[in-house]
Amino acid sequence: MPEQKPNAAPPPLRNILLAGSLWMIGLRWVLRLLGVANIAILARLLTPGDFGVVAMATAVVGFSRVFFELGVDYALIRKNDATAMHFNAAWTIRLIQSICLAYLLIFIAPYASTYYEDPR
């Protein structure tokens with residue numbers, strides 16, 4: 001990236017927004033392609049019954065994660081003058097969220113097994 005002169009005008013907002021949008025779209029596509037590759041590998045390695053168990057577990061975990069999403073990452077993105085203290089607090093909150101989610105999943109696993117009528 002070429003260096004800007006101290007008196008040079010910043011790039012137009014349109015260019016900044018376009019570049020950011022392209023990065024986000026590219027990142028989403030990469031993540032989706034990794035997800036498809038993950039599913040293809042699992043489908044190849046697991047029996048159909050086991051693949052169904054993985055799908056059911058994924059649904060339970062995904063549904064449970066909705067209740068623990070506080071938007072800490074979005075708050076950090078919006079904060080222009082975030083300090084190390086803000087990042088440490090966000091990391092701690094995410095750690096607590098993850099621990100609570102793990103305990104919730106341990107608690108609801110027997111109920112999910114009963115709901116899906118699959119003891120595995």
Side-chain angles (χ1 to χ4, degrees):
M1 183 170 177
E3 292 185 32
Q4 290 185 350
K5 297 177 186 175
N7 296 340
L13 183 60
R14 182 175 49 122
N15 293 350
I16 295 171
L17 289 175
L18 180 64
S21 299
L22 290 175
W23 273 106
M24 285 299 296
I25 291 169
L27 181 62
R28 284 181 188 251
W29 275 102
V30 167
L31 290 175
R32 289 185 192 272
L33 289 174
L34 287 173
V36 169
N38 185 14
I39 290 172
I41 291 169
L42 281 177
R44 192 79 173 132
L45 294 175
L46 300 176
T47 65
D50 291 339
F51 189 76
V53 171
V54 169
M56 290 183 284
T58 302
V60 170
V61 170
F63 186 70
S64 300
R65 287 182 70 181
V66 170
F67 293 109
F68 286 97
E69 186 58 44
L70 297 177
V72 175
D73 45 354
Y74 298 117
L76 279 177
I77 291 170
R78 289 186 187 130
K79 185 151 186 68
N80 292 332
D81 56 343
T83 63
M85 190 170 73
H86 292 103
F87 286 99
N88 291 340
W91 185 86
T92 303
I93 290 171
R94 292 297 292 204
L95 178 66
I96 293 169
Q97 284 176 327
S98 299
I99 292 169
C100 290
L101 178 63
Y103 280 119
L104 176 70
L105 290 173
I106 290 169
F107 176 74
I108 65 173
Y111 299 108
S113 175
T114 302
Y115 176 76
Y116 285 118
E117 298 176 353
D118 193 337
R120 293 180 285 171

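Positions are given from 1 along the sequence. The structure displayed is predicted, hence computed values, not measured ones.
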Which pairs pass side-chain hydrogen bond (donor to acceptor under 3.5 Å, both in side chains) with one or both residues in residues 99-112, sequence neighbours excluded?
-> none
Say whether Ile96 and Trp91 are linked into one hydrophobic cluster, either directly or through other cluster members, by side-chain heavy-atom distances under 4.5 angstrom.
-> no
Out of curiosity, does Tyr74 fall in the hydrophobic cluster containing Leu76 (side-chain heavy atoms, cut-off under 4.5 Å, transitive links)?
-> no
Of the non-hydrogen atoms in Gln97 and Phe68, which two are nearest, and what is the gap between them?
-> NE2-O, 2.6 Å
So how far is it from Leu17 CG to Leu22 CG, rounded to the nearest 0.5 Å?
-> 11.0 Å
Any chain of hydrophobic side-chain contacts (each under 4.5 Å) joining Tyr116 to Phe107?
-> yes
Pairs meeting criterion salt bridge (Lys or Arg N to Asp or Glu O under 4.0 Å) with involvement of residues 83-111, two or more places apart | Glu69-Arg94
Min side-chain heavy-atom separation Val61-Ser64 under 4.5 Å = no
In Å, rounded to the nearest 0.5 Å, how long is the span from CD1 of Ile77 to CG of Asn80?
-> 11.5 Å
Residues at least two apart in sequence or cross-chain that pass salt bridge (Lys or Arg N to Asp or Glu O under 4.0 Å) with Asp50, listed by chain then number, are Arg120
Enter the distance from Ile16:CD1 to Ser21:OG here, rounded to the nearest 0.5 Å.
-> 11.5 Å
Within one Ile-Leu-Val-Met-Phe-Trp-Tyr cluster: Leu101 and Phe63, side-chain cutoff 4.5 Å = yes
Would you give the length of the straight line joining atom CG of Asn88 to atom CD1 of Ile93, rounded to the nearest 0.5 angstrom?
-> 11.0 Å
Audit row: Asp81, Lys79, side chain to side chain contact (heavy atoms under 4.5 Å, CB included) steps and yes/no = CA-CA 6 Å; Asp81 56 343; Lys79 185 151 186 68; 3.3 Å; yes
Less than 4.5 Å apart, any side-chain heavy atom of Phe51 and any of Leu45?
-> no
When rounded to the nearest 0.5 Å, the distance separating CD1 of Ile39 from OG1 of Thr58 is 8.5 Å
Co-membership, hydrophobic cluster, residues Leu104 and Tyr115, 4.5 Å side-chain = yes
